[in-house]
Engineer: 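What follows is a structure written as structure tokens; I'll ask about it next.
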Amino acid sequence: MKKNYDNIKTFDKLIELEHGKIGTESRNKYEEGAQMFIVSEMLKSARKDANLTQEQLAEKAGTKKSYISKIENGKGNIQLSTLIRIFEQGLNKKIGLTFL
């Protein structure tokens with residue numbers, strides 16, 4: 001079925017057309033993927049700004065290079081405690097969380 005984009009005037013409406021209304025399974029899956037992408041890009045950028053390899057960051061944070069790689073590639077499941085440890089111990093950055 002072809003989607004009608006004629007009346008789409010905002011990004012929010014485009015996302016709704018493509019992925020459904022907020023709270024639907026399709027939209028929740030999309031939002032989860034979008035958040036994972038953001039976290040992966042933030043980690044990658046912070047690591048590069050610190051001039052660290054994935055291996056060096058993993059050693060400082062007490063995790064494995066493969067775990068850092070998975071996060072940076074938007075794969076796998078991240079434990080919040082590990083993510084905080086990577087940023088705080090590995091990169092000397094503080095994490096803030098916002099719930100909407």
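Along the sequence shown, the residues carry numbers beginning at 1.
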Engineer: Might you confirm whether atom CE of Met42 has over 12 heavy atoms from other residues, nucleotides or ligands at distances under 6.0 Å?
Structural biologist: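 Not more than 12 within 6.0 Å, no.
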
Engineer: Tell me the closest heavy-atom pair linking Leu91 and Leu43, and the distance in Å.
Structural biologist: CD1-CD1, 3.8 Å

Engineer: Donor-acceptor pair, distance only, cut-off 3.5 Å: does the side chain of Asn73 make one with the backbone of Lys75?
Structural biologist: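 The answer is no, because no donor-acceptor pair under 3.5 Å joins these two groups.
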
Engineer: Would you say the side-chain atoms of Ser26 pair up with the backbone N or O of His19, donor to acceptor, closer than 3.5 Å?
Structural biologist: yes

Engineer: Counting heavy atoms not belonging to Glu55, are there more than 12 under 6.0 Å from its CD?
Structural biologist: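 Check fails, neighbour count at 12 or below.
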
Engineer: Locate the shortest heavy-atom distance separating Tyr67 from Asn77; write the atom from each residue and the value.
Structural biologist: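 In terms of heavy atoms, the two residues are closest at OH-O, 3.7 Å.
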
Engineer: Could you tell me whether the side chain of Glu88 reaches within less than 4.5 Å of the side chain of Lys94, counting heavy atoms only?
Structural biologist: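 SC-SC contact between Lys94 and Glu88 confirmed.
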
Engineer: Looking only at heavy atoms, what is the nearest atom pair of Leu97 and Ile95, with distance?
Structural biologist: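 Shortest heavy-atom contact: CD2-CG2, 4.2 Å.
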
Engineer: Using a cut-off of 6.0 Å, state whether more than 12 heavy atoms not belonging to Lys93 lie near its atom NZ.
Structural biologist: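 It does not: Lys93 NZ has 12 such atoms or fewer within range.
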
Engineer: Between Phe37 and Leu80, is there a shared hydrophobic cluster once you connect ILVMFWY residues whose side-chain heavy atoms come closer than 4.5 Å?
Structural biologist: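 Different clusters.
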
Engineer: Quick one: closest heavy-atom pair of Arg85 and Gly62, and the distance?
Structural biologist: NH2-O, 3.4 Å

Engineer: Taking Lys21's backbone N and O only, do any of them form a donor-acceptor pair with Arg27's side chain (distance below 3.5 Å, no angle check)?
Structural biologist: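 No; judged by distance alone, with no hydrogens or angles, the pair does not exist.
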
Engineer: Using a cut-off of 6.0 Å, state whether more than 12 heavy atoms not belonging to Glu59 lie near its atom CD.
Structural biologist: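 Not buried by this count: 12 neighbours or fewer within 6.0 Å.
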
Engineer: Check Glu32 with Lys29, please: is the shortest side-chain N to carboxylate O separation under 4.0 Å?
Structural biologist: no

